[in-house]
Amino acid sequence: MTGTGDALLALGAGDGPAPPSLNGELVFEAPWEARVFGMAHRLCDAGLFTWDEFRQALIAEIGRWEQAHPRGAPYAYFERFQAALEALLTTRGLMANAELWGRAKALAARPHGHDHG
Amino acid sequence: MSHDHDHDHDHDPSSPALRAEALEALLVEKGLLTPEEVDAVLTQYGERVGPLNGARVVARAWVDEAYRARLLEEGTAAAAELGIKGGPGGQMERLVVVENSPSVHNVVVCTLCSCYPWALLGLPPRWYKDPAYRSRIVREPRAVLREFGLEVSKEKAVRVWDSSAEVRYLVLPERPEGTEGFDEDALAALVAREAMIGVALVSGPAVTP
């Protein structure tokens, strides 16, 4: 088995390309992935952008990442999804990068044992 | 006292989890969404949308020749006959159903991102989104299918459908032998998501007792 083949199999190892009946598989590996997925769909449903506009942002973001990384580099689809959503909201003027960064820093500064809710 | 190794990432403002939390908080403040609305999307995709919808379409096509013809002719309308509609983000605007046969095997990919007929198949599996699958299935489909455990005979053509236009594809697998007496529900239960993407076949029933 050559390198790329191993890569595909390795990436499948968690959810296993075989056997075929994988319908119960967990598709989100972390809660935040579900939240960004849900946010993108909600904002699309609410008419802030069309799904095709989001798709174009996602294609651009994935393309940028693939240009910047060697084949086989660890790939995190939902990080690209998240970056695409942030970029789309920013270009639409719905949010500024500085706002997001400021809020993330504020959340990071929470004391240990904070209430996640 | 609490030991917080598990939460170290919570103190890195560039971590995806924290950015997602920050983004949701900002969007809520701006009145663009509520956490409950996001929850509702996830409930919809997790529970009400899923590969069972695709399996129902396949099973109907297997038992109803006229439906099969309509499905191959106009996929979106045929899915809607069974109450399956996309809505925004459901990616069902133009569904094209491609049929496997003794001479052709079909397999679906989205080379540019991860377009997928969610309303029929639920959330895409991880490997579908992976760069290795997206690039290799086009270049060497037989080798990739072999890694999924599917050996396609040399006599059979392999067609790879790239979802990167506005089109979403669904593979109509071949009905397995040994299912002659099966009703639609029993047939649908045999159809896994992977068969409708084209990286697996539908197996017949296990040995009956």
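Both backbone and side-chain heavy atoms feed into the values below; hydrogens, waters and symmetry mates do not. Below, read A as the first sequence line, B as the second, and so on, with proteins coming before strands; counting in each chain starts at 1.
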Tell me, side chain or backbone of [X] under 4.5 Å from chain B's heavy atoms, or both, or neither?
X: A:Ala30; value: neither
X: A:Glu86; value: side chain
X: A:Glu99; value: both
X: A:Leu100; value: both

In terms of side-chain geometry, is the basic nitrogen of [X] or [Y] positioned less than 4.0 Å from the acidic oxygen of its partner?
X: A:Glu66; Y: B:Arg134; answer: yes
X: A:Arg110; Y: B:Glu21; answer: yes
X: B:Glu184; Y: B:Arg60; answer: yes
X: A:Lys105; Y: B:Asp12; answer: no

**Report entry** When A:Trp101, A:Tyr77, A:Trp65 are compared by non-hydrogen pairs under 4.5 Å with chain B, the top option
**Finding:** A:Tyr77
**Report entry** Residue-level contacts of residues 97-105 of chain B with chain A, using a heavy-atom cutoff under 4.5 Å
**Finding:**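 Residues of residues 97-105 of chain B touching chain A at under 4.5 Å: none.
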Report task. Given side-chain hydrogen bond (donor to acceptor under 3.5 Å, both in side chains), test A:Arg42 with B:Thr34 step by step and report yes or no. Result -> CA-CA 9 Å; A:Arg42 175 56 206 160; B:Thr34 67; over 6 Å; no
Query raised in the report: Do the side chains of B:Tyr169 and B:Val107 get nearer than 4.5 Å, heavy atoms only?
Result: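 With C-beta onward as the side chain, the pair stays apart.
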Given heavy-atom pairs under 4.5 angstrom as the criterion, report whether the side chain, backbone, both or neither of [X] touches chain A.
X: B:Ser14; value: both
X: B:Lys129; value: both
X: B:Leu32; value: both

Requested in this report: Can you sort out the partners of A:Pro31 under side chain to side chain contact (heavy atoms under 4.5 Å, CB included), two or more places apart, ordered by chain and number?
Outcome: none
Query raised in the report: With A:Trp32, which residues qualify under ring pair (Phe, Tyr, Trp, His ring centres under 6.0 Å), at least two apart?
Result: none
Requested in this report: Sequence neighbours left out, what passes ring pair (Phe, Tyr, Trp, His ring centres under 6.0 Å) with A:Phe78? Give chain and number order.
Outcome: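 Residues passing ring pair (Phe, Tyr, Trp, His ring centres under 6.0 Å) with A:Phe78: A:Phe28, A:Phe81.
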Query raised in the report: What about B:Trp62 and B:Phe182, are their ring centers closer than 6.0 Å?
Result: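 No - the distance between ring centres of B:Trp62 and B:Phe182 does not fall below the 6.0 Å cut-off.
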